[in-house]
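Sequential numbering from 1 along the given sequence is applied to the chain's residues.
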Amino acid sequence: MPAKLAARVRLFDTGHNRKTDARDAHSIAIVAVRTKTLRVLQVDGELEALRMLTDRREALTRRRVQTVDRLQALLAELLPGQAKRDITTGQAKAMLATVRPRDIAGKTRRRIAAEELTELIAVEAKIKKATAELKAIVLARGSQLMDIHGVGPVVAARVLADVGDVARFADRNRFASWTGTAPLDASSGEQNRHRLSRAGNRRMNHMIHIAAISQIRLDTDGRTYYRRKRAEGKKSLEAIRCLKRRISDAIYRQLLEDAHRAGEDLGTGPGGHCGATLQSSAVDRLPLIDTSDQPLPGPANQRLRRTG
């Protein structure tokens with residue numbers, strides 16, 4: 001249910017026009033009864049499972065960071081001056097093997113460190129298993145997102161889970177607005193500039209940021225583009241934002257290609273909005289659209305045929 005339609009009903013309703021749960025539910029019901037072009041949600045169990053698995057892996061990753069922090073603090077007390085910034089389980093095990101405290105405080109500290117190490121090993125095993133499961137589901141859906149440099153199983157799974165039906169985005173600009181990679185116009189007078197957008201889906205923005213950093217570290221076209229932007233006088237963060245927008249466009253193109261290959265309907269729907277079909281996944285999120293966005297002029301008749 002588009003929030004704008006429900007807001008319009010509340011605006012023309014009698015009363016104080018305040019947004020309460022009861023008035024909100026009433027306005028939504030009115031829109032649902034009177035509007036015939038709303039998207040019908042369909043449950044996509046595979047996407048829902050993908051979302052649960054990505055959320056689970058993110059929770060495990062946060063748990064791993066917390067465990068590593070606790071383990072490093074204990075090792076720094078057991079072995080002063082030998083603390084490592086990015087410690088592995090093998091390094092931690094080797095460091096613990098060299099410690100033989102005799103006092104009760106030292107023995108307790110070493111025992112707790114060994115327990116933290118055991119928990120770290122278990123968490124990393126779960127993360128590895130979750131990553132393999134995500135990769136299997138992404139490949140089973142026929143997606144080729146992982147062909148993009150910097151997009152691994154975790155990034156691809158989060159993109160598929162959060163995007164759902166790519167047809168709900170009219171073009172790459174709407175998609176970039178939803179991912180928060182489209183800069184906002186901040187021009188004034190003769191000064192033409194843009195500023196960072198903090199709107200959109202921040203988890204998707206984070207995934208694109210991971211892909212951008214991966215491309216910069218490796219010998220890719222993304223690194224070449226980043227260096228070119230730096231040579232043009234842009235600061236490091238500004239160049240990264242430009243690269244993130246290019247990656248957003250690449251992801252959108254790949255999602256469209258995957259949908260075409262699967263034979264999904266990507267034609268325009270009611271009102272001329274490209275992709276505004278009447279069916280969507282129940283796990284879809286509404287795209288964030290700027291108030292200046294306008295519908296496309298008239299509906300199109302071109303539709304892809306479903307295969308199979």
Atom of [X], atom of [Y] and distance for their closest heavy-atom approach:
{"X": "V31", "Y": "L5", "value": "CG2-O, 3.7 Å"}
{"X": "L134", "Y": "P153", "value": "CB-O, 4.4 Å"}
{"X": "I87", "Y": "Q91", "value": "CA-OE1, 3.5 Å"}
{"X": "I148", "Y": "A250", "value": "CD1-O, 3.8 Å"}
{"X": "Y226", "Y": "S236", "value": "OH-OG, 2.9 Å"}
{"X": "D162", "Y": "R51", "value": "CA-NH2, 3.7 Å"}

So does [X] pair up with [Y], basic N to acidic O under 4.0 Å?
{"X": "R245", "Y": "D249", "value": "yes"}
{"X": "E115", "Y": "R111", "value": "yes"}
{"X": "E58", "Y": "R158", "value": "yes"}

Minimum side-chain heavy-atom gap [X]-[Y] below 4.5 Å:
{"X": "K128", "Y": "E124", "answer": "no"}
{"X": "E133", "Y": "L50", "answer": "no"}
{"X": "P101", "Y": "V99", "answer": "yes"}
{"X": "H149", "Y": "L218", "answer": "no"}
{"X": "Q254", "Y": "Q144", "answer": "yes"}
{"X": "F175", "Y": "T181", "answer": "no"}
{"X": "E238", "Y": "R230", "answer": "no"}
{"X": "K126", "Y": "R63", "answer": "yes"}

Around atom [atom1] of [X], are there more than 12 heavy atoms of other residues, nucleotides or ligands at under 6.0 Å?
{"X": "R217", "atom1": "CZ", "result": "no"}
{"X": "R34", "atom1": "CZ", "result": "no"}
{"X": "D21", "atom1": "CG", "result": "no"}
{"X": "D69", "atom1": "CG", "result": "yes"}

>> Under a 3.5 Å distance rule, please check whether T118 uses its side chain to pair with a backbone N or O of A114 as donor and acceptor.
In response: yes
> Judged by atom type as modelled, is there a donor-acceptor pair below 3.5 Å linking the side chain of N205 to the main-chain atoms of G180?
Replying inline: yes
> Does the side-chain contact (heavy atoms from CB on, under 4.5 Å) test come out yes or no for M207 and I210, once each step is laid out?
Replying inline: CA-CA 5 Å; M207 293 296 105; I210 292 176; 3.9 Å; yes
Rounded distance [0.5 Å steps], [atom1] in [X] versus [atom2] in [Y]:
{"X": "K235", "Y": "R241", "atom1": "NZ", "atom2": "CZ", "answer": "9.5 Å"}
{"X": "L120", "Y": "K93", "atom1": "CG", "atom2": "NZ", "answer": "10.5 Å"}
{"X": "Q215", "Y": "I247", "atom1": "CD", "atom2": "CD1", "answer": "4.0 Å"}
{"X": "R202", "Y": "T179", "atom1": "CZ", "atom2": "OG1", "answer": "9.0 Å"}
{"X": "D147", "Y": "E257", "atom1": "CG", "atom2": "CD", "answer": "9.5 Å"}
{"X": "L75", "Y": "L96", "atom1": "CG", "atom2": "CG", "answer": "5.5 Å"}

>> Working note: T89 + I121, criterion side-chain contact (heavy atoms from CB on, under 4.5 Å); need CA distance, chi angles, decisive distance, verdict.
In response: CA-CA 7 Å; T89 54; I121 294 174; 3.9 Å; yes
What about [X] and [Y], same hydrophobic cluster or not, with Ile/Leu/Val/Met/Phe/Trp/Tyr joined at side-chain heavy-atom distances under 4.5 Å?
{"X": "V163", "Y": "L145", "result": "yes"}
{"X": "Y225", "Y": "I213", "result": "yes"}
{"X": "L74", "Y": "V123", "result": "no"}
{"X": "I127", "Y": "L117", "result": "no"}
{"X": "I251", "Y": "L139", "result": "yes"}

> What's the verdict on side chain to side chain donor-acceptor pair (under 3.5 Å) for S248 and R172, showing C-alpha distance, side-chain angles and the deciding distance?
Replying inline: CA-CA 8 Å; S248 174; R172 61 186 180 90; over 6 Å; no
> Does the side-chain contact (heavy atoms from CB on, under 4.5 Å) test come out yes or no for I240 and K244, once each step is laid out?
Replying inline: CA-CA 6 Å; I240 291 177; K244 288 170 66 175; 3.9 Å; yes
>> Would I28 and V9 count as a side-chain contact (heavy atoms from CB on, under 4.5 Å) here? Give the steps.
In response: CA-CA 8 Å; I28 290 174; V9 173; over 6 Å; no
